[in-house]
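Beneath this line is the structure, given in structure tokens, with notes to follow.
Every chain is numbered from 1, with letters handed out A, B, ... down the list of sequences.
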There are 2 protein chains.
Amino acid sequence: MAASRVSLRYLILGLIAEDPMSGYDIRQFLGNLGWLIGSPSCGSLYPALRRLLQDGLATVDIDLRETKPPKKIYSITEAGRNALQGWIDQPTLPGSLKAFTMRLILANSLSRSRLIAHLQQRRSDVAAHQARLRGVAGALHATGDSKQHLALDYALAVARAERTWLDSTLEGLSQTGEVAGGAHRLRSTDAL
Amino acid sequence: MAASRVSLRYLILGLIAEDPMSGYDIRQFLGNLGWLIGSPSCGSLYPALRRLLQDGLATVDIDLRETKPPKKIYSITEAGRNALQGWIDQPTLPGSLKAFTMRLILANSLSRSRLIAHLQQRRSDVAAHQARLRGVAGALHATGDSKQHLALDYALAVARAERTWLDSTLEGLSQTGEVAGGAHRLRSTDAL
DNA sequence: AAGCGCATGTAAAAGGTTACATGATTAC
DNA sequence: GTAATCATGTAACCTTTTACATGCGCTT
């Protein structure tokens, strides 16, 4: 079960599968979006890239731009695509925010049905988590224990938001029956 | 800056500061609430406890219960409280969900004003993050690039929920001027 | 000329996860 | 009696972080 251990490896693989990128590009990208999963530092990123090369899952093209420092553009190989698919296909262990968000970032590599299955799995996980949190909250309330009230309240708020998002996203996915891109008409809840 | 490195150490310290607990208790507790921060495994928990003992930040009392296996109840020492306070006082680096959630769990060890400052800091971080995400979303939209639409949408939904929660919690805190416990009259947004 | 953004990397150290290991009690 | 829960721990392995290191080009 090296599912979560080797996460960065497959996250990178998924990113270069969608668009060939350099290590620097990957850092930029994850720096913007990596709030939930934490963006990797050089010390983990570059070794990971080299391992992908060694394992034949990726190739490099060096882009020598006259004036600027050269870039190493990494692309995925056929073997890489297979490995990536294999990783994506294995079901996510419940409860890991990180694992879920990663699959979401790699949503383009998922088939429509797998994406839906993944979201449904998450919805059920979140529901279970909500139930557990409410149980804990009830127990604490019963003993008059107000410790961790804030943390519980916060966790519940996040869980509720996630569930709302999952519901509306799944609804959107089931409506857009045939749309090619898959994620076109999703209602982007964009208040504020 | 060993702020995030030694996180588990201080999380444990904060938990036993509020209530003396055994290693097993800590795992139970974090298993319920640890969705956002990930609950530690035995392999990290017990060594961490021993290090706390070695460093004089905690003490043990062995609870020999006739019929059940003995429990080692850990309590915080004076030195431990100082160390914990020192850790809590140092400002959180922006953008780390984990760091924030931990402080939230340890909210009882924070003074009221520090708690408020911490929440305000987080609110500003979240706002900055929202702005960045919208920037990325706009850029992708401009290039007709629908990749990562889902991930962005999800991240925005979570950020929005967090901000709403922060706003209402801060409002609650500013209203309950003198309440001793600090977290009594907080409106627990408990729909669904 | 100094500093920042680009772009890549390395080495040491710390930390965590996995898996193994133990042993008693309670419930089926 | 056999499984599950309670309760603690160890050791190998792997990742990741931190910090250091380099070098070019552009801007002030």
According to a strict under-4.0 Å criterion, is [X] in side-chain N/O contact with OP1 or OP2 of [N]?
X: B:Ser7; N: C:dG15; value: no
X: B:Lys72; N: D:dG9; value: yes
X: A:Tyr24; N: C:dT8; value: no
X: A:Lys71; N: C:dA7; value: yes
X: A:Ser41; N: D:dT18; value: no
X: A:Ser44; N: D:dT17; value: yes
X: A:Arg27; N: C:dT8; value: no

When the distance from [atom1] of [X] to [atom2] of [N] is rounded to whole Å, what number comes out?
X: B:Arg65; N: C:dT25; atom1: CZ; atom2: P; value: 11 Å
X: B:Ile73; N: D:dT8; atom1: CD1; atom2: P; value: 8 Å
X: A:Tyr46; N: C:dA11; atom1: OH; atom2: P; value: 16 Å
X: B:Arg9; N: C:dG15; atom1: CZ; atom2: P; value: 8 Å
X: A:Ile37; N: D:dT17; atom1: CD1; atom2: C1'; value: 16 Å
X: A:Leu64; N: C:dA7; atom1: CG; atom2: C1'; value: 13 Å
X: A:Leu49; N: D:dT15; atom1: CG; atom2: C1'; value: 15 Å
X: B:Met21; N: D:dC6; atom1: CE; atom2: P; value: 14 Å

5′-ward residue of the pair B:Lys68/A:Cys42 relative to DNA chain D: B:Lys68
Residues within residues 54-63 of chain B bordering DNA chain C, heavy-atom distance below 4.0 Å: none
Sugar-phosphate, base or nothing in reach of A:Gly23, heavy atoms under 4.0 Å: sugar-phosphate
Axial cation check for A:Trp165 ring with A:Arg123, 6.0 Å and 45° limits: no
